[in-house]
Amino acid sequence: IQFVLTPRHLQLLDDLCYQVRRATRYKLNRSEVVRVLIEQLENKELHFNHIQSEEDLREQIREVLQS
């Protein structure tokens with residue numbers, strides 16, 4: 001599976017991986033971050049009938065991850 005990320009998204013992922021490695025010496029990679037985020041959604045209840053745009057999805061995910 002391939003998907004397109006903006007330069008900003010890549011920078012955020014790279015910064016996260018760098019900070020983890022700097023703090024713990026664990027070499028976290030981008031794929032691990034994406035897999036963990038997807039897994040965190042596995043048992044969360046999204047209200048699919050409210051999603052009609054990327055912004056709607058972003059809001060739904062923000063809500064379920066904060067609960």
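Values below: every heavy atom of this structure, side chains too, minus hydrogens, waters and symmetry copies.
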Members sharing Val4's hydrophobic cluster, built from side-chain contacts under 4.5 Å between Ile, Leu, Val, Met, Phe, Trp and Tyr, are none
Would you say Thr6 and Gln11 make side-chain contact, with heavy atoms under 4.5 Å?
no
Paired with Leu13, the side-chain contact (heavy atoms from CB on, under 4.5 Å) test is passed by just one of Val33, Asn29, Leu28, namely Val33
Can Val34 be reached from Leu5 by stepping across I, L, V, M, F, W or Y side chains whose heavy atoms are under 4.5 Å apart? yes
(message) Are Ile61 and Leu16 linked, directly or through intermediate hydrophobic residues, by side-chain heavy-atom contacts shorter than 4.5 Å (ILVMFWY only)?
(response) no
List, one per line, each side-chain donor-acceptor pair under 3.5 Å for residues 36-43, sequence neighbours excluded.
none

Output for pair (Leu65 CG, Glu63 CD), nearest 0.5 Å, gives 10.5 Å
Inset, instruction - Go through Arg30 and Asp14 one step at a time and tell me if the side-chain contact (heavy atoms from CB on, under 4.5 Å) criterion holds. - result: CA-CA 7 Å; Arg30 295 171 181 168; Asp14 287 345; 2.8 Å; yes
Taking only distance into account, with no hydrogens and no angle test, what donor-acceptor pairs under 3.5 Å do side-chain atoms of residues 52-60 form with protein atoms, sequence neighbours excluded?
unit_1	atom_1	unit_2	atom_2	d
Ser53	OG	Glu55	N	3.4
Ser53	OG	Asp56	N	3.1
Ser53	OG	Asp56	OD2	3.4
Glu54	OE2	Arg58	NH2	3.0
Glu55	OE1	Arg58	NH1	2.6
Asp56	OD2	Gln52	N	2.9
Asp56	OD2	Ser53	N	3.4
Glu59	OE1	Arg62	NH1	2.5
Gln60	OE1	His47	N	2.9

Note: Tyr26 and Val20 closest approach over all heavy atoms is O-CG1, 3.9 Å
